[in-house]
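These notes are about the structure you will find just below.
Residue numbering restarts at 1 for every chain, and letters A, B, ... go by the order of the sequence lines. Only a predicted model underlies this, so the values are computations on that prediction, with no experimental measurement involved.
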Amino acid sequence: MCDQTFVAITFGPCDSCSQNKPLMNIYLQNEPVNYCSLCVELMACQGLAKGETVSTLRAESENLKAKLEEERAKLHDVELHQVAEKVETLGQFVIKTRRTLKGHGNKVLCMDWCRDKRRMVSSSQVIMRSAAVCVLQEHAVTMPCTWVMACAYAPSGCVIACGGLDNKCSVYPLSLDKNENLAAKKKSVAMHTNYLSACSFTNSDMQLLTSSGDGTCALWDVESGQLLQSFHGHSADVLSLDLAPSETGNTFVSGGCDKKANVWDMRSGQNIQSFETHESDINSCRLYDLRADREVAIYSKESIIFGASSVDFSLSGRLLFAGYNDYNINVWDVLKGTRVAILFGHENRVSTVRVSPDGTAFCSGSWDNTLDFNPV
Amino acid sequence: MALTRMSSKKQSSNNIAQARRIVQQLRIEANIERIKVSKASADLMHYCGEHAKYDPLLMGIPASENPFKDKKPCIIL
């Protein structure tokens, strides 16, 4: 269970006591060090001797937070939409829903595109979209896991991962044989102590990243089911995650009910950056720039009184698609901060919005039991 | 982390350990390098501009290249 034990990735001489023991990778004064668990405990207790108390530490953390705000504010010299005034305004955004995919017996909670751009997986069906023929083929392969809140396609397209209220993330190899019993080939990979909220393969089929209602994220080896790294720092359920889109990338971001978006280093488990939203913010989408380390745009309107459940960018990053609990999808101009279109079409909450890997279409899933497939 | 059972000091050492972790984390965050919003915005605009022509949802694609253009009514297989 990933939030109750730690996996020792290294074994060797402790930097503090020099004994050969399983080591924990921690950071002291920004330097990575390896301490055995006993030394970590001792260090924690030393604080008591020095007169360090919880209240002095709290005071220090308040000071640091204030300093952080100050540093961030110094660099806030302009607003993104002001700089974007000189960018050409977008033409009218027109899209017609080409195909509504019914057939789910229940709410669509999540979906993912296959990298081959021809297939999608949604809870709980695999849908085959054939681009060679001018029709949409629906291969409904029912995935035998119940209460699926998260699903993902592996980069190879040969495997899917899913999980939810069973607290696990399991992988299933795919076959085109509709009669194939997928349940027989199920392999449990991730185990959390609360529901699985999101999952994603990293750049290969071999590693799976998960987030959970237990407040943690975790990186797993698919083959062995071993926990490779766990990510602690959220103080409430983690609802979503996304990997940085780089070939060599090893960072990802997670969003939680503690109103924080945390950026993590996958190798060390370290929380690199953290963004917090304010109390008053329930119904807006926000853009945070990692290098400026702050929010740079807010996408909201007074008329929008329901929250957004899912967002995705178009390929160039100019458009932001957001699915809302008022059953609509709003399309935003990322740079100017204006809304360019409202898309109707669902009869219940939009739970997931994903742009296809080639950017030619986006798909939205809803609690009305359908998926809307919108090609250009 | 699995903390071994120690004395009654465990409770306060837990809080201390947690408070220290928070302070540690904030120190790291306070020390990262940041750029100005004006520079970040300029870079964002540049990126969007450069990639706009490769964005079908932004530009549309010619009907001849669109595999989903309705040539005949959609049929369910």
Gap separating the CD atom of Glu29(B) from the CD atom of Glu71(A), nearest 0.5 angstrom:
13.0 Å

Under 4.5 Å from a heavy atom of chain B, the part of Leu290(A) involved
neither

Using modelled atom types only, decide if a donor and an acceptor are shared between the side chain of Asp293(A) and the backbone of Arg34(B) within a distance under 3.5 Å.
no

With a 4.5 angstrom heavy-atom cut-off, is it the side chain or the backbone of Asp289(A) that approaches chain B, or both, or neither?
side chain

Report which part of Lys86(A) has an atom under 4.5 Å of a heavy atom belonging to chain B: side chain, backbone, both, or neither.
side chain

Residue Val87(A) versus chain B: region with a heavy atom under 4.5 Å:
side chain

Under 4.5 Å from a heavy atom of chain B, the part of Gln270(A) involved
side chain

At a heavy-atom separation under 4.5 Å, does Leu335(A) approach chain B through its side chain, its backbone, both, or neither?
side chain

Is there a side-chain contact (heavy atoms from CB on, under 4.5 Å) between Val23(B) and Leu64(A) once you walk through the steps?
CA-CA 8 Å; Val23(B) 168; Leu64(A) 283 168; 3.9 Å; yes

Do Gln25(B) side-chain atoms and Asn271(A) backbone N/O form a donor-acceptor pair below 3.5 Å?
yes

Spacing of Arg291(A) atom CZ and Glu33(B) atom CD [to the nearest 0.5 Å]:
12.0 Å

Heavy-atom side-chain contact between Arg294(A) and Val37(B) under 4.5 Å
yes

Say you draw a straight line from CD of Glu79(A) to OG of Ser38(B); how long is it, rounded to the nearest 0.5 Å?
11.5 Å

Do Leu75(A) and Ile35(B) come close enough that some side-chain heavy atom pair is under 4.5 Å?
no

Please classify the contact of Ile22(B) with chain A as side chain, backbone, both or neither, using a heavy-atom distance under 4.5 Å.
side chain

Heavy-atom distances under 4.5 Å only: say whether Val340(A) touches chain B with side chain, backbone, both or neither.
neither

Suppose we screen for side-chain contact (heavy atoms from CB on, under 4.5 Å). Which residues come up paired with Arg58(A), at least two apart in sequence or across chains?
Val54(A)

Taking only distance into account, with no hydrogens and no angle test, what donor-acceptor pairs under 3.5 Å do side-chain atoms of residues 47-58 of chain B form with protein atoms, sequence neighbours excluded?
from     : atom 1 : to        : atom 2 : distance (Å)
His51(B) : ND1    : Tyr47(B)  : O      : 2.9
Lys53(B) : NZ     : Glu50(B)  : O      : 3.4
Asp55(B) : OD1    : Leu57(B)  : N      : 3.2
Asp55(B) : OD1    : Leu58(B)  : N      : 3.4
Asp55(B) : OD2    : Ser314(A) : OG     : 2.6
Asp55(B) : OD2    : Ser316(A) : N      : 3.1
Asp55(B) : OD2    : Ser316(A) : OG     : 2.7

Ionic contact status for Arg27(B) with Glu60(A), cut-off 4.0 Å
yes

